[in-house]
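This one's a predicted model, so the numbers in the text were calculated from it and none came from an experiment. Residues: numbered from 1 along the sequence shown.
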Amino acid sequence: MKKAFFWGPAALISAVIFYFNMELGVLMVPSMIFILSFVTERDKIWAWVPALAISWLWVYAAKEIYSGYNVFKYSFYGVSIFPIVAWPTMLMGMYFLVFVHINGRNRWYKWLKFTLIYSFFLILSEYLGYNFAGVRLTSGTGYAGWPVLNIFHCPWWMQAAYFLNGIVFSGIIAFFSDRKLTWNYISRHVRRKFS
């Protein structure tokens, strides 16, 4: 109940901000998710480490392609802010909203189920973002994208990496979640080791 008290209004505020100003929403929404995760999800904040590592390595590897968007103008060293904040936020959002609710016999089942849900959500968000919100990569104009859905206007290797980001993240989460690795566990273990 306590979590709903924080996350419900935050989701509503985020949607309103994003609707009226996508550029500001791109900065506000991830900031709220990051801050709220420290307030309501303390036992899960360790997952920000792989989310940020996977996301930022990917954005660094594809930085030329992420040089601009039609609706997002803020950039950081020539890379649009949008993928820098959107990738880790999406991964963590999926973790908080989906992964923690997946029941399974073992970590491999959880990994597979999360991967399938992530893939569906990725396709849906690409569809809505491109076809309804009008979000377009400047460098994507030369790529036809997927037929019928009109999504993924980028090279094939970039499309594969989009799916791979979630697959790797969910594998890490499934592996460590199964072992009850949490921030509290890590800090207790480190304190014992150095006491």
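The CG atom of Leu149 sits 7.0 Å away from the OH atom of Tyr127 when rounded to the nearest 0.5 Å. Rounding to the nearest 0.5 Å places CZ of Arg107 at 5.5 Å from CZ of Phe175. Here the straight-line distance linking atom CH2 of Trp87 with atom CG of Leu91 works out to 6.5 Å at 0.5 Å rounding. We find the CH2-CE distance between Trp48 and Met92 to be 5.5 Å, quoted to the nearest 0.5 Å. Atom CD1 in Ile102 sits 8.5 Å away from atom NZ in Lys110 (nearest 0.5 Å). We find the CG-CD distance between Leu122 and Gln159 to be 10.0 Å, quoted to the nearest 0.5 Å.
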Take Trp146 and Asn150 through the side chain to side chain contact (heavy atoms under 4.5 Å, CB included) test and state the conclusion after the steps. CA-CA 5 Å; Trp146 286 15; Asn150 193 27; over 6 Å; no
Before giving the answer on side chain to side chain contact (heavy atoms under 4.5 Å, CB included), spell out for Trp46 and Ile173 the whole-Å C-alpha distance, their side-chain angles and the decisive distance to 0.1 Å. CA-CA 10 Å; Trp46 63 271; Ile173 296 304; 3.9 Å; yes
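Judged by distance alone, the side chain of Ser55 and the main-chain N or O of Leu52 form no donor-acceptor pair under 3.5 Å. Between the side chain of Asn21 and the backbone N or O of Ile17, no donor-acceptor pair lies under 3.5 Å.
In this structure the side chain of Asn131 never reaches within 4.5 angstrom of the side chain of Glu126, judged on heavy atoms. At least one side-chain heavy atom of Met90 sits under 4.5 Å from a side-chain heavy atom of Tyr118. Residues Leu137 and Met158 meet the side-chain proximity criterion, which asks for heavy atoms closer than 4.5 Å. Between Ile117 and Ser170 the shortest side-chain heavy-atom distance does not fall below 4.5 Å.
Under the side-chain contact (heavy atoms from CB on, under 4.5 Å) criterion, Leu124 pairs with Phe120, Leu128, not counting sequence neighbours.
Under the 4.5 Å side-chain contact rule for hydrophobic residues, Phe82 and Phe132 share a cluster. Linking Ile, Leu, Val, Met, Phe, Trp and Tyr residues whenever their side-chain heavy atoms come within less than 4.5 Å leaves Val59 and Leu57 in two separate clusters. Clustering ILVMFWY residues whenever any of their side-chain heavy atoms sit less than 4.5 angstrom apart, transitively, puts Tyr109 in a cluster other than the one holding Val98.
Between Pro88 and Ala51, the shortest heavy-atom contact is CB-O, 4.0 Å. Considering every non-hydrogen atom in both Tyr143 and Cys154, the closest pair reads CB-N, 3.6 Å. For the residue pair Ile84 and Trp56, the shortest heavy atom distance occurs at O-NE1, 2.9 Å.
Classification of the Phe99-Tyr95 ring pair by plane angle, with boundaries at 30° and 60°, yields tilted.
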Going by atom type alone, with no hydrogens or angles, which donor-acceptor pairs under 3.5 Å involve a side-chain atom of residues 161-169 and a protein atom two or more places apart or on another chain?
residue: Tyr162; atom: OH; partner: Tyr66; partner atom: OH; Å: 3.2
residue: Asn165; atom: ND2; partner: Ala161; partner atom: O; Å: 3.4

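For Trp156, the CH2 atom counts as loosely surrounded, since its 6.0 Å shell holds 12 or fewer non-hydrogen atoms of other residues, nucleotides or ligands.
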